Amino acid sequence: MSLKIYNTLTGKVEEFVPLNPPKVLIYTCGVTVYDDSHVGHGRSLIVFDTFRRFLEHLGYEVKFVRNFTDVDDKIINRAKEECTDFMSIANRYIASYYRDMEAIRVRPADVEPRVTEHIQEIIEVIQRLIEKGYAYESDGDVYFSVSSFKDYGKLSKRSPEEMEAGARVEPSEKKRDPLDFALWKASKAGEPAWDSPWGKGRPGWHTECVAMVFKHLGETIDIHGGGLDLVFPHHENEIAQAEAITGRPFARYWMHNGLVTVGGQKMSKSLGNYVTLKEIYTRYHPDVLRLLVLFTHYRSPLDFSWEKMEEAKRAYERLKGAVEDYELLKKLEVVEDRSGGTHPLYDKVKEMEENFFGALSDDFNTPEALSHIFSLVTELGRIKNRAYREGRITSSDLEAYRFASESLHSTLRKIFGLLEDLYHECEVRRVVERELEPGDVRSSELIDLLVEVRAMARREKQYKIADYIRDRLKEIGIELEDTPAGTRWRKV
RNA sequence: GGCGACGUGGCCGAGCGGACUAAGGCGGGGGACUGCAAAUCCCCUUAUCGGCGGUUCGAAUCCGCCCGUCGCCUCCA
């Protein structure tokens with residue numbers, strides 16, 4: 001089955017053919033570390049993390065690089081506000097980023113380069129551009145000459161003439177042309193600075209990605225990804241620099257995820273309408289966010305709301321329940337049945353897997369893939385329903401359930417990064433909520449005790465007492481569920 | 001102003017020329033199960049796809065115009 005993905009460069013869905021299979025080289029633009037990451041960053045991170053997992057599943061040897069921009073205006077400004085140096089700001093938010101990624105289960109990239117560790121490589125890229133006549137020095141700055149690169153605008157589909165007409169470009173006496181962009185900026189007093197052939201300064205934003213790609217991946221990579229808002233000017237400028245130097249395609253496929261909006265407007269720092277990842281995972285299991293992201297096609301806009309988080313949470317609980325309920329079903333009385341023949345569920349599993357991977361192969365259609373997941377979840381529910389009615393389960397139903405739920409779990413975990421901590425949830429949640437719930441272990445024993453007492457009351461048909469216990473537990477966030485195999489409880 | 005995207009049931013959201021009598025999720029109603037709940041299942045809510053006009057044997061899917069929403073053009077995932 002061939003993989004098809006939409007390529008921003010051509011504007012078409014194309015068959016994905018890596019340059020040197022089975023290797024696949026991917027680069028995505030990471031975050032600028034001057035503040036906590038929000039849901040907008042999270043979406044992009046989750047999308048590409050999931051896509052990478054899918055490529056690995058297909059048998060590709062993926063080398064994945066995602067950078068940190070650890071020196072730029074915003075970091076410097078933040079440092080000034082706090083009367084500290086830019087490096088401690090960067091380090092603080094890199095640490096914060098790693099906490100977030102661990103919580104939302106975005107795997108680290110194979111290489112996570114930092115700009116400040118690649119100054120020499122950046123300078124070399126700039127020097128090569130000057131040598132080839134694509135860049136010029138001007139009073140300690142270095143600019144890329146947009147008019148010297150004929151393909152400029154091919155990614156964002158706009159021509160330099162149109163942009164001039166738009167006339168919203170930054171004016172500067174140092175630039176020969178208003179469209180030219182900075183590769184190197186002479187540093188002002190008190191700002192971080194590195195020695196260069198053009199004097200003390202620091203790199204402009206657009207060069208770092210080119211230098212890092214060249215160093216860690218090579219001159220042509222398979223996939224370059226990032227948020228839709230990076231298409232212009234950032235990615236356009238990357239292409240200009242890289243292809244001016246090599247004369248060869250920089251990235252064969254450009255993938256851009258749609259933006260996260262709030263009430264229809266882009267989630268961003270400047271609008272102040274952002275929700276940090278930390279807010280998300282202190283209120284919800286991190287899988288809920290992953291599910292929310294995967295419920296929308298990666299190229300469509302995703303309008304964030306807490307209502308949607310609630311919806312995703314319900315869906316998440318259904319998924320989780322389908323996988324977990326095997327533990328419950330096997331506690332029921334199992335009746336042997338030798339009716340023979342294969343259980344119909346095995347075919348359903350096969351069908352689900354084929355449809356699931358088929359959907360992902362068609363421009364990474366995660367919503368459709370999830371629809372196939374849920375059709376299997378419904379099949380599992382049918383078995384549960386039958387078992388609950390009869391108070392027992394046939395051995396073939398139980399075995400089929402085990403097979404199907406394991407297959408479901410393994411697919412969700414490996415590809416979507418969901419339900420990774422199913423059987424260790426208490427521990428993982430305690431890590432996440434460490435400060436919030438120090439006494440969790442003790443209270444779980446107490447809850448077990450109350451559940452026991454309630455069971456006794458029920459046996460005596462003392463329903464008022466039994467219901468009182470259940471209602472009071474619910475008030476403190478513990479929900480009880482009576483099953484043919486006994487009562488279980490969960491936090492809500 | 002320039003360039004681009006989007007508008008599908010109560011809400012969200014796939015589908016992008018013929019198996020669409022339009023996936024899936026969430027919500028609401030009814031039923032099965034339950035001491036009552038919860039979980040699970042079944043049924044209903046549930047669609048002619050922003051509007052108008054074209055192309056085609058055939059359009060939610062292609063083209064044109066209009067209306068509406070958003071993005072990029074300045075740092076942004």
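So that the names make sense, note that chain A is the first sequence line, chain B the second, and so on, each numbered from 1. Because the structure is a prediction, the values reported are computed rather than measured.
For the pair A/Leu271 CG and B/C70 P, the interatomic distance rounds to 12 Å; values are reported in whole Å. Rounded to an integer number of Å, the gap from A/Leu259 CG to B/U69 P is 19 Å. Remark: C1' of B/C26 and CG of A/Leu370 are 14 Å apart, rounded to the nearest angstrom. Between the C1' atom of B/U74 and the NZ atom of A/Lys185 lies a distance of 11 Å, rounded to the nearest Å. Computed from coordinates, the A/Glu310 CD to B/C12 P distance equals 17 Å when rounded to whole Å. Rounded to an integer number of Å, the gap from CD of A/Glu481 to P of B/U34 is 15 Å. In this entry the distance linking CD1 of A/Ile373 with P of B/G13 reads 20 Å, nearest Å. Atom CG of A/Asn385 and atom P of B/U34 are 11 Å apart (whole Å).
Closest approach to the A/Phe232 side chain among B/G25, B/C73, B/A39 is made by B/C73 (side chain taken as heavy atoms from C-beta onward). For A/Thr378, taking side-chain heavy atoms from C-beta onward, the closest of the listed nucleotides B/A77, B/G25, B/A39 is B/G25. Looking at the side chain of A/Arg454, the nearest of the listed nucleotides B/C73, B/G35, B/A14 is B/G35. Counting only heavy atoms from C-beta on, A/Leu230 has its side chain closest to B/A77 among B/C36, B/A77, B/G71. Closest to the side chain of A/Ser371, from the set B/A23, B/G35, B/G13, is B/A23. The side chain of A/Ser44 sits closest to B/A77 out of B/A32, B/A77, B/G25. Out of B/A39, B/G35, B/A14, the shortest distance to the side chain of A/Arg488 is found at B/A39. Taking only side-chain atoms of A/Thr296, from C-beta outward, the nucleotide of B/A77, B/A14, B/G25 with the closest atom is B/A14. Among the nucleotides B/A77, B/A39, B/C36, the one closest to any side-chain atom of A/Asp482 is B/C36. Considering only the side chain of A/Lys384, B/U40 comes nearest among B/C26, B/A38, B/U40.
Nucleic acid contact class of A/Ser300 (heavy atoms, under 4.0 Å, all strands): sugar-phosphate only. Within the 4.0 angstrom heavy-atom criterion, base atoms lie near A/Asp229. At a threshold of 4.0 angstrom between heavy atoms, the contacts of A/Arg299 with the nucleic acid are absent. Contact annotation for A/Thr261: no contact, since no heavy-atom pair falls under 4.0 Å across all strands. Among the protein residues, A/Gly225 comes within range of no part of the nucleic acid, since none of its heavy atoms lies under 4.0 Å from any strand. Within 4.0 Å (heavy atoms only), A/Arg158 reaches at least one base atom of the nucleic acid. Heavy atoms of A/Lys74 sit under 4.0 angstrom from at least one base atom. As judged by a 4.0 angstrom heavy-atom cut-off over every strand, A/Val260 is placed among the base-contacting residues. Using a 4.0 Å heavy-atom distance criterion, A/Gly381 is classed as a sugar-phosphate-only contact.
Taking the six-membered ring where the residue is Trp, the centroids of A/Phe144 and A/Tyr152 are separated by 6.0 Å or more. Aromatic rings of A/Tyr98 and A/Phe68 (six-membered ring for Trp) have centroids within the 6.0 Å cut-off, being under it.
Counting only N and O atoms by type, the side chains of A/Asp70 and A/Tyr93 include no donor and acceptor under 3.5 Å apart. Side chains of A/Asn273 and A/Gln265: no donor on one and acceptor on the other come within 3.5 Å. A side-chain donor-acceptor contact under 3.5 Å links A/Thr378 and A/Arg318. In summary, the side chains of A/Glu238 and A/His235 do present a donor paired with an acceptor at a separation below 3.5 Å, with no hydrogens or angles considered.
Comparing the C1' positions of B/A39 and B/U34 gives an interatomic distance of 11 Å, to the nearest angstrom. Taking atom C1' in both B/G18 and B/U74, one finds a spacing of 48 Å when rounded to whole Å. The same atom, C1', is picked in B/G9 and in B/C26; the two are 13 Å apart, to the nearest Å. The C1' atoms of B/C65 and B/G25 are separated by 36 Å, rounded to the nearest whole Å. Distance noted for atom C1' between B/A38 and B/A22: 34 Å (whole Å). Separation of the P atoms belonging to B/C3 and B/A19 is 36 Å when rounded to the nearest angstrom. Of the C1' atoms belonging to B/A59 and B/C12, the separation is 25 Å, rounded to the nearest Å. Taking the C1' atoms as reference points, B/C72 lies 29 Å from B/C11, given to the whole Å.
For B/G17, there is no paired nucleotide, since no Watson-Crick or G-U wobble pair has both relevant distances below 3.5 Å. Pairing for B/U55 is absent, with no Watson-Crick or G-U wobble pair whose two atom distances lie under 3.5 Å. A 3.5 Å limit on both hydrogen-bonding distances identifies B/C12 as the Watson-Crick or G-U partner of B/G24. In this entry B/G1 has B/C73 as its Watson-Crick or G-U wobble partner, both defining distances falling under 3.5 Å. Across the strands present, B/U46 finds no partner; the criterion is a Watson-Crick or G-U wobble pair with both atom distances under 3.5 angstrom. The nucleotide B/G68 finds its pairing partner in B/C6, both defining distances of the Watson-Crick or G-U wobble pair being shorter than 3.5 Å. With a cut-off of 3.5 Å on both pairing distances, the Watson-Crick or G-U wobble partner of B/U40 is B/A32.
Nearer the 5' end of RNA chain B, as judged by each residue's closest nucleotide, is the contact made by A/Ser156, out of A/Ser156 and A/Arg470. Positionally, the nearest nucleotide of RNA chain B for A/His372 lies more toward the 5' end than for the other of A/His372 and A/Glu379.
Using bins of under 30°, 30° to 60° and over 60° for the plane-to-plane angle, the ring pair A/Phe250/A/Trp254 lands in the tilted bin. In this structure, A/His206 and A/Phe181 have perpendicular ring planes: the angle between them is above 60°, well past the 30° mark.
The shortest distance between the side-chain N/O atoms of A/Arg382 and the OP1/OP2 oxygens of B/C42 is below 4.0 Å. Listed pair A/Thr28 / B/A77 fails the phosphate criterion, with no side-chain N or O lying under 4.0 Å from OP1 or OP2. At B/G15, one or more side-chain N or O atoms of A/Asn365 fall inside 4.0 Å of OP1 or OP2 (strictly under the cut-off). Within the structure, a side-chain polar atom (N or O) of A/Arg318 is placed less than 4.0 Å from OP1 or OP2 of B/C41. A/Lys266 has a side-chain polar atom (N or O) that falls below the 4.0 Å cut-off from OP1 or OP2 of B/C72.
With a 4.5 Å cut-off on side-chain heavy atoms, A/Leu292 and A/Tyr284 do not count as touching.
The ring of A/Tyr463 lies on top of the base of B/G35, close enough and flat enough: under 5.5 Å between centres, under 30° between planes.
A/Tyr298 pairs with exactly one of A/Asp363, A/Thr50, A/Thr366 by the side-chain hydrogen bond (donor to acceptor under 3.5 Å, both in side chains) rule, that one being A/Asp363.
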